[in-house]
Enquirer: 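The structure follows.
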Amino acid sequence: MTTGRRTHFLITETMRTSHRVYAGLSLALAMLFPCAAMAEPGTIYLVRHGEKATTGKDPELTAQGQIRAQNIATTLHRAGIQAIFSTPTARTLQTAQPLAQGLRLPVQQYAADASKALVEKVKSLHGAVLVVGHSDTLAELVKLFGGAPGAQIADDEYDRLYQLINGADGKVTTVMLTSLPATPQ
């Protein structure tokens with residue numbers, strides 16, 4: 001083989017090798033890109049318990065509250081919920097129960113006065129999370145998660161459903177949703 005042919009051969013082989021490496025990298029990136037798009041930070045949903053009885057030390061949900069709890073479960077059943085948290089009161093546990101049963105997840109209890117511990121625990125998890133709380137605790141939780149709670153929750157308000165979306169840049173977007181009413185209006 002002459003020097004000219006040998007040089008041409010080496011250049012051609014180098015180009016073929018480069019082309020194969022480029023094609024392999026392109027294929028690898030194409031396969032990895034969808035996975036990267038799916039690896040979004042978790043979303044946190046926060047909701048107050050459903051309508052409660054007006055008597056008792058630890059009131060349970062009324063029939064309307066039970067319907068609202070079922071409506072919340074229907075709304076969130078495809079949201080990718082990986083964990084559910086509730087204070088230990090009957091009304092919050094009953095609000096969390098329909099979704100927990102539908103997804104076959106345990107309801108993890110937290111103390112209403114231990115908001116910071118709950119936030120640390122939730123932030124260590126992956127995937128979407130539901131937190132069921134009370135009118136006087138949700139605003140603080142939303143703030144601790146980095147969201148904007150909006151106006152104070154009235155004692156007779158049961159339909160506010162927060163969606164906190166954690167952005168890749170670390171910023172939290174707060175979406176104020178409404179849970180379906182307990183009865184037709």
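For clarity, every value in this text was computed on a predicted model and none was experimentally measured. Starting from 1, each residue takes its place in the sequence as its number.
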Enquirer: Once salt bridge (charged side-chain N to carboxylate O under 4.0 Å, His left out) is applied, what residue pairs with a partner in residues 133-162 remain, sequence neighbours excluded?
Expert: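 Of all non-adjacent pairs touching residues 133-162, those that pass salt bridge (charged side-chain N to carboxylate O under 4.0 Å, His left out) are R48-D155, E157-R160.
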Enquirer: Could you check whether any side-chain N or O of Q109 sits under 3.5 Å from a backbone N or O of V107, counting only pairs where one atom can act as donor and the other as acceptor?
Expert: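 No: the side chain of Q109 does not pair with the backbone of V107.
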Enquirer: For A128 and A79, which heavy atoms make the closest approach, and how far apart are they?
Expert: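 Taking every non-hydrogen atom into account, CB-O, 3.5 Å.
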Enquirer: Let me check something: do V132 and I81 share a hydrophobic cluster, defined by ILVMFWY side-chain heavy atoms less than 4.5 Å apart, either directly or through other members?
Expert: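 Yes, it is one cluster - the side chains of V132 and I81 are joined through contacts under 4.5 Å.
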Enquirer: Which pair of heavy atoms, one from I153 and one from S135, lies closest together, and at what distance?
Expert: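 Heavy-atom minimum between the residues: CG2-CB, 3.8 Å.
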Enquirer: Got a sec, which residues hit side chain to side chain contact (heavy atoms under 4.5 Å, CB included) with P59, two or more places apart in sequence or on another chain?
Expert: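 Counting only residues at least two positions away or on another chain, P59 forms a side chain to side chain contact (heavy atoms under 4.5 Å, CB included) with K52, A53, R91.
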Enquirer: Please determine, by modelled atom types, if H134 and T87 share a side-chain donor-acceptor pair under 3.5 angstrom.
Expert: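 Per modelled atom types, H134 and T87 side chains form a pair under 3.5 Å.
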Enquirer: Would you kindly confirm whether L138 and I165 end up in one hydrophobic cluster when ILVMFWY residues are joined by side chain heavy atoms under 4.5 Å apart?
Expert: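 Hydrophobic grouping puts L138 apart from I165.
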Enquirer: Any side-chain to backbone donor/acceptor pair from Q94 onto L61? Under 3.5 Å, distance only.
Expert: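 Confirmed, Q94 side chain pairs with L61 backbone.
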Enquirer: If you round to the nearest 0.5 Å, how far is CG of L141 from CD1 of I44?
Expert: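 So the gap between those two atoms works out to 9.5 Å.
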Enquirer: Could you state the interatomic distance from OG1 (T43) to CG (N166), rounded to the nearest 0.5 Å?
Expert: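 Answer rounded to 0.5 Å: 7.0 Å.
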Enquirer: Indicate, with yes or no, if Y162 and V122 share a hydrophobic cluster defined by side-chain heavy-atom contacts under 4.5 Å among Ile, Leu, Val, Met, Phe, Trp and Tyr.
Expert: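 Shared cluster, yes.
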Enquirer: Might you point out which heavy atoms bring G150 and M176 nearest each other, and give the distance in Å?
Expert: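 Closest approach of G150 to M176, heavy atoms only: CA-CE, 4.2 Å.
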Enquirer: Does the Y45 side chain pair with the main chain of L161, one donor and one acceptor, at a distance under 3.5 Å?
Expert: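 No: the side chain of Y45 does not pair with the backbone of L161.
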Enquirer: Please examine the side chains of V129 and F145, heavy atoms only from C-beta on, and report whether any two atoms are closer than 4.5 Å.
Expert: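 Of all side-chain heavy-atom pairs linking V129 with F145, none is under 4.5 Å.
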Enquirer: To the nearest 0.5 Å, how far apart are CG in L130 and OG1 in T75?
Expert: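 Reported to 0.5 Å precision, the distance equals 11.0 Å.
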Enquirer: With a 4.5 Å heavy-atom cut-off, do R68 and E51 have their side chains touching?
Expert: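 Result yes, sub-4.5 Å side-chain heavy-atom pair found.
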Enquirer: Under 4.5 Å between side-chain heavy atoms, counting indirect links through other Ile/Leu/Val/Met/Phe/Trp/Tyr residues: same cluster for V175 and V47 or not?
Expert: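 Yes, it is one cluster - the side chains of V175 and V47 are joined through contacts under 4.5 Å.
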Enquirer: Looking only at heavy atoms, which two atoms of G147 and T174 are closest? And how far apart?
Expert: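 What the structure gives for the nearest pair is CA-OG1, 3.2 Å.
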Enquirer: Using only atom types and a distance under 3.5 Å, with no angle test, would you say the side chain of T95 pairs donor to acceptor with the backbone of G50?
Expert: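 Side chain of T95 to backbone of G50, a donor-acceptor pair under 3.5 Å: yes, one is there.
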Enquirer: About how many Å separate CG of L105 and CD1 of I84, when rounded to the nearest 0.5 Å?
Expert: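 The CD1 atom of I84 sits 5.0 Å away from the CG atom of L105.
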Enquirer: Could you grab the distance from atom OG1 of T62 to atom CD1 of I67, nearest 0.5 Å is fine?
Expert: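 Nearest 0.5 Å value for the OG1-CD1 distance: 8.0 Å.
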Enquirer: Which is it for L99 and I72 under the side chain to side chain contact (heavy atoms under 4.5 Å, CB included) test, yes or no, and what are the steps along the way?
Expert: CA-CA 7 Å; L99 181 62; I72 291 167; 5.7 Å; no
Enquirer: So, taking the atom named CD in Q70 and the one named CD in Q101, what distance separates them when rounded to the nearest 0.5 Å?
Expert: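 Here the rounded value is 9.0 Å.
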Enquirer: Classify the ring geometry between Y158 and H49 as parallel (under 30°), tilted (30 to 60°) or perpendicular (over 60°).
Expert: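 Ring orientation of Y158 relative to H49: tilted.
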Enquirer: On a heavy-atom basis, which atom in L103 and which in H77 lie closest, and how many Å separate them?
Expert: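 Looks like CD2-O, 3.7 Å.
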Enquirer: Run the side chain to side chain contact (heavy atoms under 4.5 Å, CB included) test on K121 and F85 for me, step by step, so that the C-alpha distance in whole Å, both residues' side-chain angles and the decisive distance to 0.1 Å come before the verdict.
Expert: CA-CA 10 Å; K121 169 93 175 175; F85 293 88; 3.9 Å; yes
Enquirer: Between N71 and S179, is there a side-chain heavy-atom distance shorter than 4.5 Å?
Expert: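 No, their side chains stay 4.5 Å or more apart.
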